[in-house]
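To start, the structure itself, in structure tokens.
In what follows, chains carry the letters A, B, and so on, assigned in the order in which the sequence lines appear, proteins first and then strands, with residues in each chain numbered from 1.
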There are 4 protein chains.
Amino acid sequence: VIDAGLLDPLAQGGRALELTGDAAFLAAMLDAELALARSLADTGLAPEWMAEVCDGLAAPGLAAIDLVAIAAESRAGGNPAIPLVRHLSAAAEELRAGASDHLHVGATSQDILDTAAMIVARAVCAEALAQLRRLGEELAALADRHRATPMVGRTLGQHAAPTSLGLVTAAWLDGVTSAIATLAAVRAELPLQYGGAVGTGEALAAAASARGGGGGAEPAGAEPAAVLERLGDRLGLRVPALSWHSNRAPVLGLASALAQSVAAVGVIALDVALLARTEVGELSEGGAPGSGGSSAMPHKRNPVTAVLVVATARRTPQLLASLYGSALSEDQRPSGAWHAEWLPLRDLERAAVAATTAAVDLVRGLEVHAHRMTANLELTAGLVSSERVSTALAAVIGKRAAFDLVERASVESVRDGRTLRAALDGLLAEQPDAARAAAREAFRTAGMDTTAIDRVIAAFTALLPEAS
Amino acid sequence: VIDAGLLDPLAQGGRALELTGDAAFLAAMLDAELALARSLADTGLAPEWMAEVCDGLAAPGLAAIDLVAIAAESRAGGNPAIPLVRHLSAAAEELRAGASDHLHVGATSQDILDTAAMIVARAVCAEALAQLRRLGEELAALADRHRATPMVGRTLGQHAAPTSLGLVTAAWLDGVTSAIATLAAVRAELPLQYGGAVGTGEALAAAASARGGGGGAEPAGAEPAAVLERLGDRLGLRVPALSWHSNRAPVLGLASALAQSVAAVGVIALDVALLARTEVGELSEGGAPGSGGSSAMPHKRNPVTAVLVVATARRTPQLLASLYGSALSEDQRPSGAWHAEWLPLRDLERAAVAATTAAVDLVRGLEVHAHRMTANLELTAGLVSSERVSTALAAVIGKRAAFDLVERASVESVRDGRTLRAALDGLLAEQPDAARAAAREAFRTAGMDTTAIDRVIAAFTALLPEAS
Amino acid sequence: VIDAGLLDPLAQGGRALELTGDAAFLAAMLDAELALARSLADTGLAPEWMAEVCDGLAAPGLAAIDLVAIAAESRAGGNPAIPLVRHLSAAAEELRAGASDHLHVGATSQDILDTAAMIVARAVCAEALAQLRRLGEELAALADRHRATPMVGRTLGQHAAPTSLGLVTAAWLDGVTSAIATLAAVRAELPLQYGGAVGTGEALAAAASARGGGGGAEPAGAEPAAVLERLGDRLGLRVPALSWHSNRAPVLGLASALAQSVAAVGVIALDVALLARTEVGELSEGGAPGSGGSSAMPHKRNPVTAVLVVATARRTPQLLASLYGSALSEDQRPSGAWHAEWLPLRDLERAAVAATTAAVDLVRGLEVHAHRMTANLELTAGLVSSERVSTALAAVIGKRAAFDLVERASVESVRDGRTLRAALDGLLAEQPDAARAAAREAFRTAGMDTTAIDRVIAAFTALLPEAS
Amino acid sequence: VIDAGLLDPLAQGGRALELTGDAAFLAAMLDAELALARSLADTGLAPEWMAEVCDGLAAPGLAAIDLVAIAAESRAGGNPAIPLVRHLSAAAEELRAGASDHLHVGATSQDILDTAAMIVARAVCAEALAQLRRLGEELAALADRHRATPMVGRTLGQHAAPTSLGLVTAAWLDGVTSAIATLAAVRAELPLQYGGAVGTGEALAAAASARGGGGGAEPAGAEPAAVLERLGDRLGLRVPALSWHSNRAPVLGLASALAQSVAAVGVIALDVALLARTEVGELSEGGAPGSGGSSAMPHKRNPVTAVLVVATARRTPQLLASLYGSALSEDQRPSGAWHAEWLPLRDLERAAVAATTAAVDLVRGLEVHAHRMTANLELTAGLVSSERVSTALAAVIGKRAAFDLVERASVESVRDGRTLRAALDGLLAEQPDAARAAAREAFRTAGMDTTAIDRVIAAFTALLPEAS
């Protein structure tokens with residue numbers, strides 16, 4: 001009875017499952033326990049020989065641990081930390097009698113699980129950032145290459161006014177850049193958790209004081225602080241001002257950043273799916289032969305990657321809501337809110353890695369059909385220039401008059417099957433020459449200000465160091 | 001890289017994973033494909049020998065299918081039906097040349113996946129109903145046994161007025177009864193899906209007509225209708241009026257019913273967790289020795305089952321929201337909305353089975369500490385009788401005067417550390433004798449109308465046949 | 001400082017706000033209080049003259065009540081029932097001294113607010129059902145009229161196979177029919193709430209017993225039961241087996257039904273918006289002149305109603321999730337879960353009325369552009385017939401061979417810009433005559449089985465009595 | 001038909017409604033339009049006299065605008081910008097003929113609505129930050145004052161180990177500090193929106209070029225860039241690299257920050273409600289007389305503010321999910337996703353202001369019952385010291401042996417009704433003297449390391465400038 005990704009085509013077989021699966025999480029728990037034991041040894045709160053014991057426990061890694069048994073035993077205490085400690089203690093005793101005394105010192109289950117979650121999160125953020133970086137590079141190249149490829153801009157599903165594929169792509173890149181900024185900031189601040197039973201660090205302090213014996217010259221709290229600092233260094237996680245067992249701000253920030261990453265790529269996929277619709281045909285997914293096939297229709301080439309990314313993006317906000325809901329964590333450690341975080345956080349991380357990875361494939365393989373873009377621009381016989389023409393006319397005859405004239409011309413154009421230009425020519429007969437000239441000029445002008453593309457690419461480029 | 005339940009202590013190792021895991025889903029897909037082939041053979045649209053081929057494919061079942069490979073191949077087409085059909089076709093050809101021609105006839109991937117989802121859902125509903133039934137029986141017994149066990153009723157976290165454990169339990173049962181009614185109704189109406197590429201049944205009709213050859217006496221559509229009927233019979237699923245590829249009403253009903261089941265048991269767990277708080281101590285989880293232990297605190301006995309059920313109930317509404325969000329399914333089959341259903345529906349089903357199962361354990365093992373209930377009732381020195389006394393006094397001196405008097409007595413009681421009765425006696429000195437008599441009588445009366453308990457049990461009992 | 005619908009274009013000015021606004025809710029609270037007082041008088045638990053007092057309080061209705069003041073005073077006690085009772089009591093005393101003693105007897109704030117919520121819900125359900133019924137009638141007519149209007153069926157955004165507008169419309173109607181069934185069932189079971197402080201009905205029983213005085217021949221509980229029955233009759237609400245202060249099943253059922261109604265019309269709006277896209281142009285919103293205009297583009301005709309309905313449908317699932325989240329209601333009356341229901345339930349009701357009403361307008365005004373449907377069907381040069389042709393060929397040369405042939409022909413058709421038919425002719429050269437005949441026949445056949453349309457219309461018609 | 005806060009006791013009558021109500025939003029739209037017109041005049045793209053016209057339009061402000069009419073007229077075009085422009089144009093023409101030509105130049109409806117939303121958001125962020133700052137100051141004082149007030153720490157609802165009220169309060173403050181940091185960062189980056197029909201800024205560029213006439217020495221795009229800069233200065237909003245019509249990152253960041261603020265105060269309210277439970281009684285809400293009263297129970301003093309804040313926090317995550325869902329915005333401006341933002345964003349802003357404001361009241365009025373804290377600490381006869389004693393013993397006899405001994409002593413303590421200390425004394429008889437000494441010392445030690453409190457206060461203090 002396993003989940004191997006049958007219902008998760010984007011995640012199966014890839015880094016998304018690898019980084020967030022049970023094995024990865026258990027390995028992170030093991031890392032947390034061993035880093036703690038080593039930090040105690042580093043600071044004299046555990047014997048030096050524990051370093052060797054830790055080496056001995058780390059060497060086989062998960063190979064020595066029965067994941068399914070740990071999962072099964074997690075039912076009694078409500079979490080997998082308890083059986084893992086039991087297992088590790090037995091293994092440690094086999095390496096050296098008394099070694100188990102120096103495992104899990106001063107820690108409570110939530111310390112280990114929260115720290116493990118942050119270890120997993122760090123790897124997830126790094127992977128998602130790497131994918132977003134790749135994606136951004138593809139998009140920057142695309143935006144630059146197509147800065148002058150004309151395309152119709154659509155609003156509320158209707159042709160609205162001309163734009164360029166470069167500007168459309170730049171808007172995608174802008175979203176990716178924002179996502180990178182948010183995620184990089186979060187990654188840099190992921191905290192460890194180590195507060196003991198009720199978050200006071202009391203047990204560690206007691207252990208330090210019991211060890212300290214007689215006339216310790218160290219001020220109270222010096223050793224615990226040193227342990228936390230070592231632990232932070234070893235794990236690459238921030239030492240928080242106070243344990244965050246019931247203050248889930250770190251999880252909220254992480255979750256928002258992951259959800260934003262999914263949203264940033266979801267929007268791209270959504271646009272690709274729409275632009276690949278049969279009637280539109282401006283973009284299509286490349287993909288290997290066989291990709292996008294259908295079980296019923298021999299001719300079908302579905303935008304499968306786009307569709308799967310959109311699917312991922314549709315269910316992400318609810319995962320985020322679950323995690324924000326868990327922020328309502330009562331007491332020093334809560335009765336359910338924390339436990340309710342585990343699965344949604346995993347799902348959200350998985351979604352972020354899977355969706356950003358797939359988005360890179362999607363954009364890399366994108367086929368641009370510029371002739372369809374041009375053809376579609378002409379579908380409305382010039383109506384998409386109405387904003388431009390109206391603005392140009394306004395400088396001569398006033399905005400209201402210009403808007404009304406162009407609106408009337410639009411109606412006639414549709415009714416009579418003429419171009420907007422032809423329809424407008426008739427209506428402009430009684431207007432001053434300057435008006436006619438302005439309109440004519442407006443229809444001719446095709447250039448588009450693309451400095452915005454440069455601004456967006458520059459902002460992305462400036463952020464690149466953060467994303468690595 | 002697998003998920004075996006490490007982060008899902010309630011589901012791991014049990015029916016929840018078994019019924020909803022990848023293997024179960026793939027088996028349901030296989031059932032759907034084979035039932036379709038058999039139904040075609042039943043109705044003459046496939047050769048009779050296909051029955052034997054189907055037997056041959058069914059015999060090894062999943063043992064002959066590489067789940068991980070199917071999952072991996074699902075990426076290209078975006079769903080696992082396409083590789084399964086490919087696999088089955090190859091296997092069928094080995095059994096008899098030409099057999100693959102009679103597999104997946106007239107079906108599209110979504111037909112198979114939706115039908116498989118309903119096969120899984122049926123088993124999930126049956127299991128959840130069985131658990132809810134067991135739970136209801138426990139609760140009915142508890143309500144009956146404790147109909148007169150006095151207990152304080154709490155509102156907004158404050159002691160409010162007396163109730164009985166029987167009435168509290170009856171309220172839980174009432175919620176369980178509603179959940180059973182909803183779930184049983186949904187189970188009875190789970191539909192199959194079989195509409196072909198765009199839901200018109202066109203391919204099946206074409207196959208029938210191609211086969212029918214010359215002068216078929218059968219009216220158009222007779223054979224397709226017969227296939228659908230056979231398929232419904234074979235699978236135990238309803239034949240819908242029209243395919244529901246983009247009309248997700250069946251999924252919405254199912255999801256709501258599952259979420260209601262989780263809510264019904266979540267409320268019980270939430271109350272148990274609160275009544276087990278150290279200061280309250282009116283209930284505790286039984287549990288095996290070792291259950292509820294802590295990795296940091298030797299004395300801890302945590303209400304682990306209640307906490308895990310609450311955790312499950314906290315994340316359920318968001319799964320429901322995801323599924324309702326997918327109801328916005330465009331076109332004849334949508335570009336992402338459908339794919340976005342797969343994981344949340346699985347998670348919701350898993351949650352429903354796991355939570356209802358755990359709730360049975362929870363209620364069965366419940367330890368009732370009636371002495372603590374009595375002690376807590378007296379904590380406020382009679383204040384909890386204020387509603388009753390006020391009502392009794394109202395009959396003599398009017399409601400407003402009675403309320404004000406009792407309010408003043410309450411304030412004095414708290415301020416002076418006296419019982420409400422003593423405080424009220426003083427204030428009643430100048431009131432008519434009848435008032436004092438009424439108040440005295442009200443403090444004495446302890447009996448509580450428990451006919452509501454009988455009504456609730458009767459309603460549950462009447463529903464029992466639905467739940468089996 | 002008011003909300004008058006500035007950000008809610010669908011709801012402003014219509015029944016949606018009228019039925020769910022503050023005034024409607026306060027009126028329902030007034031109804032609940034007066035119906036309770038009258039029911040007490042009906043059953044002898046209040047003096048007969050209270051009927052007249054109630055008439056006196058009901059006559060001016062809300063005109064005598066300062067809604068803003070009630071809202072302001074609701075802060076102290078956390079809900080508006082307390083200030084309303086205070087206001088009503090004062091008004092009652094002015095009508096007759098002592099009358100206030102017979103108001104709010106045995107009730108707690110939640111009794112009044114929950115009952116008021118159900119009174120509002122009843123009106124909301126009635127209105128939504130009426131709109132869904134109108135919508136269904138429009139759709140049934142449309143489906144019937146266009147049963148043979150050919151149209152391309154789209155899946156994953158791609159042209160897939162032919163269907164008819166009638167079948168597309170029938171799928172919409174099918175969803176509307178399901179929504180009606182769910183909503184009608186819920187409406188028939190909306191319960192009143194009347195349990196007193198902790199839901200035991202104790203205060204009412206005490207009042208009855210205090211009144212009953214000496215040798216009442218009535219069995220215990222007879223009068224309270226009679227009051228509840230009268231109250232149910234007066235309000236048109238079901239008498240529940242037990243109060244549901246912390247068992248929110250009635251709210252869950254209501255919320256699901258409303259959300260399903262929004263989903264059923266959301267799907268229609270989503271399809272309309274897609275089919276109205278400039279490149280597709282198969283449908284357009286009718287609308288009054290000026291409707292759909294843009295502030296920037298003189299030529300724009302936006303599918304505004306469809307867009308606003310889609311917008312409503314997008315935010316509905318989260319309102320549902322909030323309400324399911326509130327089902328986690330602890331104690332006899334909870335510390336926040338209940339209060340958290342008020343706004344989402346109102347929003348959901350408002351959304352349901354607004355969206356169903358707008359959907360009627362949308363469908364009534366729909367302009368069908370059949371020539372565009374035909375033109376779009378031909379866009380892929382016959383590829384949309386690939387499923388049909390492949391099925392027909394399969395009967396002669398086997399399914400796999402047929403699928404492969406049609407797939408190759410599809411590739412050639414796209415590559416060489418030929419029709420599928422021409423491409424296939426070449427490939428069929430070496431096939432038996434029967435194969436060529438079957439393919440030719442398949443291209444010719446245009447008829448589509450439309451009995452499904454009749455089934456869907458019949459199912460809707462059978463439900464009509466429920467919807468009124 | 002209005003909403004005046006009847007169902008929103010926290011928001012009614014206060015800044016929450018004032019800052020987010022229809023009037024505030026319409027005023028922000030007016031600000032956006034006028035700031036745009038003034039910026040055009042500033043940069044020579046509109047005549048200088050428009051400054052005077054803008055003064056004339058700004059003077060009466062909303063008094064000259066019929067909000068209900070604007071709302072009603074918003075139905076046709078789907079948003080309130082269109083009727084506002086119509087109204088403003090008429091008013092401008094009355095002030096000076098031709099003035100309307102210089103309103104809304106180059107803008108689309110979404111430019112005005114998005115910019116208005118950011119204007120509203122800025123005020124909301126400022127208010128929420130001011131409240132969080134006040135709250136933080138109260139919490140810092142409380143944490144400092146009660147750094148040594150002993151209190152039991154609770155985990156999974158059970159007494160776990162000692163802590164202090166100061167540490168508990170510091171954890172609340174830590175969450176508030178994080179919320180301030182997030183919100184302040186978001187406030188500083190709120191962007192204006194001004195891209196025209198499809199976000200290209202084309203219409204503005206056209207207007208500039210039309211005006212520029214002959215031999216403009218300015219490079220292309222210089223004037224549009226200057227307009228944007230002026231507009232940003234006038235509105236106090238950031239100029240974005242590109243318009244964000246379909247890239248909703250700014251809304252996501254804002255929404256997350258607001259939701260985090262609500263979560264930070266929700267957690268405080270949740271703890272207060274639990275600590276105010278009758279059996280616990282460690283905290284109570286102060287509140288004016290009459291606050292917390294009940295309509296049924298004369299004695300009740302409900303923690304009303306805490307309950308209402310919890311209620312607000314429970315529904316917030318779903319509002320967040322709606323907004324993240326809207327990030328799936330297709331095309332250059334989407335068909336529903338954007339419209340779906342309006343109500344949830346308003347609700348979220350309202351919730352943030354209302355909840356943070358109420359939390360200040362809550363914490364300011366908090367009554368601390370230190371004697372109850374002490375009494376509760378002793379409820380378990382020393383069991384809460386088990387972690388500390390076990391740790392101390394571990395230094396002498398090893399961790400496993402110590403844990404087991406204390407666990408056995410705990411069981412005996414509960415079974416025999418003795419203190420943990422007495423039970424342990426017996427079990428330690430056969431242990432070395434040092435063990436007994438260590439245990440005795442551990443029971444004596446009461447001091448707790450409170451340097452974490454100082455760290456948290458310091459972090460808050462360092463952030464104060466951001467919050468103003």
Side-chain angles (χ1 to χ4, degrees), chain B residues 98 100-101 153-157 160-161 163 167 170-171 174-175 178 197-198 200 203 205-207 210-211 221 241-242 247 249 252 256 259-260 263 266-267 270-271 274 313 317-318 320-321 324-325 327-328 330-333 335 387-388 391-392 395 398-400 448-449 451-452 455-456 459, chain C residues 98 100-101 153-157 160-161 163 167 170-171 174-175 178 197-198 200 203 205-207 210-211 221 241-242 247 249 252 256 259-260 263 266 270-271 274 313 317-318 320-321 324-325 327-333 335 387-388 391-392 395 398-400 448-449 451-452 455-456 459:
Chain B
S100 73
D101 283 353
R154 296 165 175 94
T155 64
L156 286 80
T163 183
L167 278 160
D174 203 17
S178 295
V198 296
T200 56
R211 233 165 210 261
L242 184 59
N247 161 19
L252 302 191
S256 284
Q260 187 182 347
V267 116
L270 184 64
D271 273 347
L274 275 170
Q318 284 73 35
L320 183 68
Y324 270 77
L328 268 187
E330 82 283 6
D331 290 338
Q332 278 53 64
R333 290 194 289 115
S335 306
E387 186 203 31
R388 187 191 302 173
T391 307
K399 186 162 154 262
R400 168 59 56 95
M448 188 155 290
D449 176 19
T451 53
R455 283 195 302 270
V456 171
Chain C
S100 74
D101 285 354
R154 296 164 176 96
T155 66
L156 286 81
T163 183
L167 277 161
D174 203 16
S178 295
V198 296
T200 55
R211 261 223 157 226
L242 185 59
N247 162 20
L252 302 190
S256 285
Q260 188 183 344
L270 184 63
D271 273 346
L274 275 170
Q318 284 72 35
L320 184 68
Y324 270 76
L328 269 187
S329 277
E330 81 284 6
D331 291 338
Q332 278 53 63
R333 291 193 287 116
S335 306
E387 186 202 32
R388 188 192 299 174
T391 306
K399 183 162 156 263
R400 169 60 54 97
M448 188 153 293
D449 175 19
T451 53
R455 284 196 301 271
V456 171

Revision key, fill the gap. All heavy atoms of B:Ala160 vs all of C:Val198, minimum pair found to be CB-CG1, 3.5 Å
**Study point:** C:Ser335 (side chain) donor-acceptor with B:Gly157 (main chain) under 3.5 angstrom
**Key:** yes
Revision key, fill the gap. One should read off an interatomic distance between C:Arg333 CZ and B:Arg154 CZ, to the nearest 0.5 angstrom, of 14.0 Å
Exercise for review: Pick one of side chain, backbone, both or neither for C:Ala206, based on which atoms fall under 4.5 Å of a heavy atom in chain B.
Suggested key: both
Practice item. Find the one option among C:Ala327, C:Ala321, C:Gly98, C:Ala249 whose heavy-atom pairs under 4.5 Å with chain B are most numerous. Key: C:Ala321
Review point. Which bit of B:Ala170 comes within less than 4.5 Å of chain C, counting heavy atoms only: side chain, backbone, both or neither?
Key: both
Point to revise | Pairs of heavy atoms under 4.5 Å with chain C: top-ranked of B:Ala452, B:Gly153, B:Ala313, B:Ala241 | key: B:Ala241
Check your understanding: Which region of C:Leu270, side chain (C-beta onward) or backbone (N, CA, C, O), has a non-hydrogen atom less than 4.5 Å from a non-hydrogen atom of chain B, or is it both or neither?
Key -> side chain
**Study point:** Rounded distance (nearest 0.5 Å) linking atom CG of B:Asp331 with atom CG of C:Leu274
**Key:** 5.5 Å
Study note, to complete from the structure: Assert top hit (heavy-atom pairs under 4.5 Å, partner chain C, pool B:Ala205, B:Ser178, B:Ala259) equals B:Ala259
**Study point:** Interface moiety of C:Asp174 toward chain B, non-hydrogen atoms closer than 4.5 Å
**Key:** both
Point to revise | Region of B:Leu252 in contact with chain C, defined by heavy-atom distances below 4.5 Å | key: side chain
Revision key, fill the gap. If you tally heavy-atom pairs under 4.5 Å between each of B:Ala263, B:Ser100, B:Ala395, B:Gly175 and chain C, the highest tally belongs to B:Gly175
**Study point:** Distance, nearest 0.5 Å, that separates CD of B:Glu330 from OG1 of C:Thr155
**Key:** 10.5 Å
**Study point:** Neighbour count >12 (heavy atoms, 6.0 Å) for atom CZ, B:Arg455
**Key:** yes
Check your understanding: Would B:Val267 and C:Asn247 count as a side-chain contact (heavy atoms from CB on, under 4.5 Å) if you check the C-alpha gap in whole Å, the side-chain angles of each, and the deciding distance to 0.1 Å?
Key -> CA-CA 8 Å; B:Val267 116; C:Asn247 162 20; over 6 Å; no
Revision key, fill the gap. Heaviest contributor of heavy-atom pairs below 4.5 Å to chain C, chosen from B:Leu328, B:Leu320, B:Thr163, is B:Leu328
Point to revise | Smallest separation among heavy atoms of B:Thr391 and C:Ala203, with atom names | key: CG2-O, 3.3 Å
Check your understanding: How far does OH of B:Tyr324 sit from CD of C:Gln260, to the nearest 0.5 angstrom?
Key -> 6.0 Å
Check your understanding: Picking from B:Ala392, B:Ala171, B:Ala459, which has the most non-hydrogen pairs under 4.5 angstrom with chain C?
Key -> B:Ala171
